[in-house]
2 protein chains.
Amino acid sequence: MSEQKIRNMEEFAAVSGLSRPTVSKYFNDPDSVRSTTRARIEAALERYDFRPNIYAVNQNRRLTKNIGIVVPYLADPVFAEHARSIEKLCNDAGFRSILLSSHGGSDQERENLDSLRALKPAGVLLAPLGRASDRSEIERFCRDVPTVLFDSNIEGMGEAFIGSDNASFVNQTVDYLCRSGETPCFFEMRTPANPNANKRRIAYIQAMERHGQEPVVVSVEGDGWGFEEIGRQGAHSAIAAGDFKTDTILCSNDRLAIGVLAACYERGLRVGRGPGCAFRVASHDDHPFSRFTCPALTTAAHNYSAVAERSVKTLFEVIENGGHLRNRTETLLPAQLVVRASA
Amino acid sequence: MSEQKIRNMEEFAAVSGLSRPTVSKYFNDPDSVRSTTRARIEAALERYDFRPNIYAVNQNRRLTKNIGIVVPYLADPVFAEHARSIEKLCNDAGFRSILLSSHGGSDQERENLDSLRALKPAGVLLAPLGRASDRSEIERFCRDVPTVLFDSNIEGMGEAFIGSDNASFVNQTVDYLCRSGETPCFFEMRTPANPNANKRRIAYIQAMERHGQEPVVVSVEGDGWGFEEIGRQGAHSAIAAGDFKTDTILCSNDRLAIGVLAACYERGLRVGRGPGCAFRVASHDDHPFSRFTCPALTTAAHNYSAVAERSVKTLFEVIENGGHLRNRTETLLPAQLVVRASA
DNA sequence: ATAAAATTTTTACTCGCGTAAAAAATATGC
DNA sequence: GCATATTTTTTACGCGAGTAAAAATTTTAT
């Protein structure tokens, strides 16, 4: 890091005593040059910090070394967690990752895709909004850019889908709740943004039937991504109306459950397994904070790292395969039950 | 959106019946061309969706229309919230924003700056890690790239700093707690990652002295960004050891408080103002979930939107001013007390 | 209608790098 | 030590746009 500033690869090649094409070759693949010349370049890199102009580099490449990551709502720690794992894997593989949040709105999702298209990414990992997504826009995007969907599936779009196995989530919680106490009532939003929510409801009903029990589904109104508040208000009215036929509430996701816990607390109702508890509450996702709710939340955990690894691995396969896979695969990863104090 | 694909500006100029330089002029400033030609271009844009290749556009520009946003830990909803507000303002102003998280580590922070430097952003909004930051690296970065710091200050770095007024946060909580019950003990990490934590401790001690009260500071061990768990374990031992001399705990930040609430719950200690409560707990930040803790957390709220607005506004001034301001300013925005059930 | 002003076109060069082809230099095997 | 294989250099063009200067055109004002 000394001497005068290097302005471009030409100058850098000069100070390292090589020709520009050789240096260019090095930056595209350090192992493609003889080890002695590689050493000379790396020695020069120590003295003059030079990096190829990424705009000039990307101008010619049909595909860049960029990978786009789109999540529906980054302020939701579940997605922050997903994004973090994925980002790390991409960076380790030598890609630059570009993280975009749709902030819960389809306008923003559309803008994100638009903006990504302009970046000519090698591939995109997309967790769509779900119900609110502009399907035709996503379809158009997937035609142009190698895309792998994760977290929430949209039938037939993208080269593959990697997500959690909602049936596995729900079966584990339902089984556990049934064998350890009263049968669970299912608590959800009536019009969930995310398609996983529907899958979970269906899985709940099936699981209850398998247990020979009557399913009870409590659906509450509410729009947007303020799930905690929706859960809190919904729980207040459901409890007041006596909608929960048993003492056990299985929430569609942890954020709703956090709202339910708040409502119970506000009503002076104790939650947990012990005597003196009015309700047991369990849920799905293993939200980063569910360890710290009062009481700590029993939930079915995403295998965050497995989802990230499979998603990234699949995207790399797509990229190596020229942007397309022979047939679209759907990978569903099982959940792991985490029993805590709430149920 | 019909007809054949346009490959570059030359072709687009042809189909709109104009010359390339004129079209180029339009894209740099739509108002710089005669309104009739502007209309012709925009009509063509409807038919053939064309966008100038951003790599070619940025290759020559010394500065791009990119703005970098760096936060220390995106999985922390407080930063997710900050990032969201800032991102929106930048996008609305016609910039592309690039959001990067340092994931709590200085290596990643260094990499982020490195990666941003390569993107030649018009400006960067940086919330540094704080204690863990590589100061000399940040200094070097700020020399090269117009940078405004936010959230946590590093003496003298960047063109300006915009953050929250920690004294205002703490004065409001301390005043409120003192006038409504026993005086608060201050609960914090011994070696906080974030410099705001130190300012808050100091402000606490001064506030207590102003009230003529003996300050009690309980500092707990713990490293990293798992504040909730650090708070939980720390609270367990502090309570067991009788470190809290009064029944009121003022936490340095909400995430610690969430841990304290969990510990109290686990010990069967009721938190709140009412009779039968063992502790009152209050805190700072207004974490998006503090509304939903049990009990809901009394806290001093960041003015998220004001921080975002001032930061972005300041950065724009820096940019318009050629990357530097005459003298570095520090803007501290006051907090707003939010009284909930916990204290 | 005409001169002056504003805008657009033409032409040509630049930016920094990828990349292809042929020539030159260097390394490797026997 | 020599033929062969490998690597590097030389040369040259392309990518997609910004931009400058001069020429041509259109608009506006008088």
Side-chain angles (χ1 to χ4, degrees), chain A residues 4-45 48-66 94 96 115 117-122 144, chain B residues 4-45 48-66 94 96 117-122:
Chain A
Q4 92 290 1
K5 267 273 182 194
I6 300 297
R7 314 171 54 89
N8 55 35
M9 197 179 279
E10 191 80 55
E11 286 186 21
F12 180 73
V15 299
S16 38
L18 293 165
S19 72
R20 186 173 68 77
T22 305
V23 173
S24 169
K25 208 147 174 287
Y26 166 85
F27 278 109
N28 283 312
D29 176 9
D31 288 320
S32 68
V33 300
R34 202 186 290 148
S35 64
T36 59
T37 68
R38 176 174 168 177
R40 287 169 71 181
I41 293 176
E42 280 163 359
L45 274 177
Y48 315 82
D49 76 315
F50 163 75
R51 295 172 54 175
N53 179 312
I54 56 172
Y55 297 107
V57 169
N58 286 331
Q59 171 165 11
N60 301 321
R61 287 204 199 299
R62 207 175 56 77
L63 287 187
T64 64
K65 274 284 198 178
N66 297 332
R96 249 182 53 77
S115 146
R117 200 196 302 269
L119 293 174
K120 300 185 196 172
D144 298 349
Chain B
Q4 92 290 1
K5 266 276 183 195
I6 301 296
R7 316 172 53 90
N8 54 36
M9 197 178 278
E10 191 80 55
E11 286 187 20
F12 180 73
V15 297
S16 37
L18 293 165
S19 71
R20 188 173 66 75
T22 306
V23 172
S24 170
K25 208 149 172 286
Y26 166 84
F27 278 109
N28 283 312
D29 176 9
D31 288 319
S32 68
V33 300
R34 202 186 291 149
S35 64
T36 59
T37 69
R38 176 173 168 178
R40 288 168 70 181
I41 293 177
E42 280 163 359
L45 274 177
Y48 313 82
D49 76 315
F50 163 76
R51 295 169 55 175
N53 178 311
I54 55 173
Y55 298 109
V57 170
N58 286 331
Q59 171 165 7
N60 301 320
R61 287 204 198 301
R62 209 174 56 77
L63 288 186
T64 64
K65 273 284 198 177
N66 297 331
R96 249 182 53 78
R117 200 196 302 267
L119 293 175
K120 302 186 197 170

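These values consider heavy atoms only, across backbone and side chains, with no hydrogens, waters or symmetry-generated copies.
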Report the distance from atom [atom1] of [X] to atom [atom2] of [N], rounded to the nearest whole Å.
X      : N      : atom1 : atom2 : answer
A:K120 : D:dC15 : NZ    : P     : 12 Å
B:F27  : D:dG16 : CZ    : P     : 15 Å
B:M9   : D:dG18 : CE    : C1'   : 9 Å
B:L18  : C:dT7  : CG    : C1'   : 11 Å
A:R34  : C:dA27 : CZ    : P     : 5 Å
B:Y55  : D:dG18 : OH    : C1'   : 19 Å
A:K25  : D:dT7  : NZ    : P     : 7 Å
B:R40  : C:dT7  : CZ    : P     : 16 Å

Let's see if you can work this out: which of [options] has an atom nearest to the side-chain heavy atoms of [X]?
X     : options               : value
B:N53 : D:dA20, D:dA17, D:dT8 : D:dA17
B:A56 : C:dT8, C:dG18, D:dG16 : D:dG16
A:N8  : C:dC17, D:dG18, C:dT8 : C:dC17
A:S24 : C:dT19, D:dT8, D:dG18 : C:dT19
A:Q59 : C:dC17, C:dG16, C:dT8 : C:dG16
A:P21 : D:dA17, C:dT8, D:dT11 : D:dT11

Report task. Using the side-chain hydrogen bond (donor to acceptor under 3.5 Å, both in side chains) rule, take A:R61 and A:N28 through it: C-alpha gap first, then chi angles, then the decisive distance, then the call. Result -> CA-CA 11 Å; A:R61 287 204 199 299; A:N28 283 312; 2.6 Å; yes
Query raised in the report: Taking the nucleotide of DNA chain D with the closest heavy atom to each, which residue, A:T37 or A:R20, is nearer the 5' end?
Result: A:T37
Report task. Assign each of A:R38 and A:N60 to its nearest nucleotide of DNA chain D by heavy atoms, then name whichever residue's nucleotide is nearer the 5' end. Result -> A:R38
Query raised in the report: Which value, rounded to the nearest 0.5 Å, describes the distance between B:K65 atom NZ and B:N58 atom CG?
Result: 11.0 Å
Mind checking [X] for me? I need base, sugar-phosphate or nothing, with any heavy atom below 4.0 Å counting as a touch.
X     : value
B:F12 : nothing
B:Y26 : nothing
A:R61 : nothing
A:N28 : sugar-phosphate

Query - Closest non-hydrogen atom pair between B:V33 and B:Y26, with its separation - result: CG1-N, 4.0 Å
Query - Heavy-atom pair with the smallest gap, counting every atom of A:A13 and A:S19 - result: CB-C, 3.7 Å
Query - Phosphate OP1/OP2 of C:dT8 contacted by B:S19 side-chain N/O (<4.0 Å) - result: no
Query raised in the report: Under 3.5 Å, is there a donor-acceptor pair between the B:E11 and B:Y48 side chains?
Result: no
Query - Non-hydrogen side-chain atoms of B:K120 and A:I54 separated by less than 4.5 Å - result: no
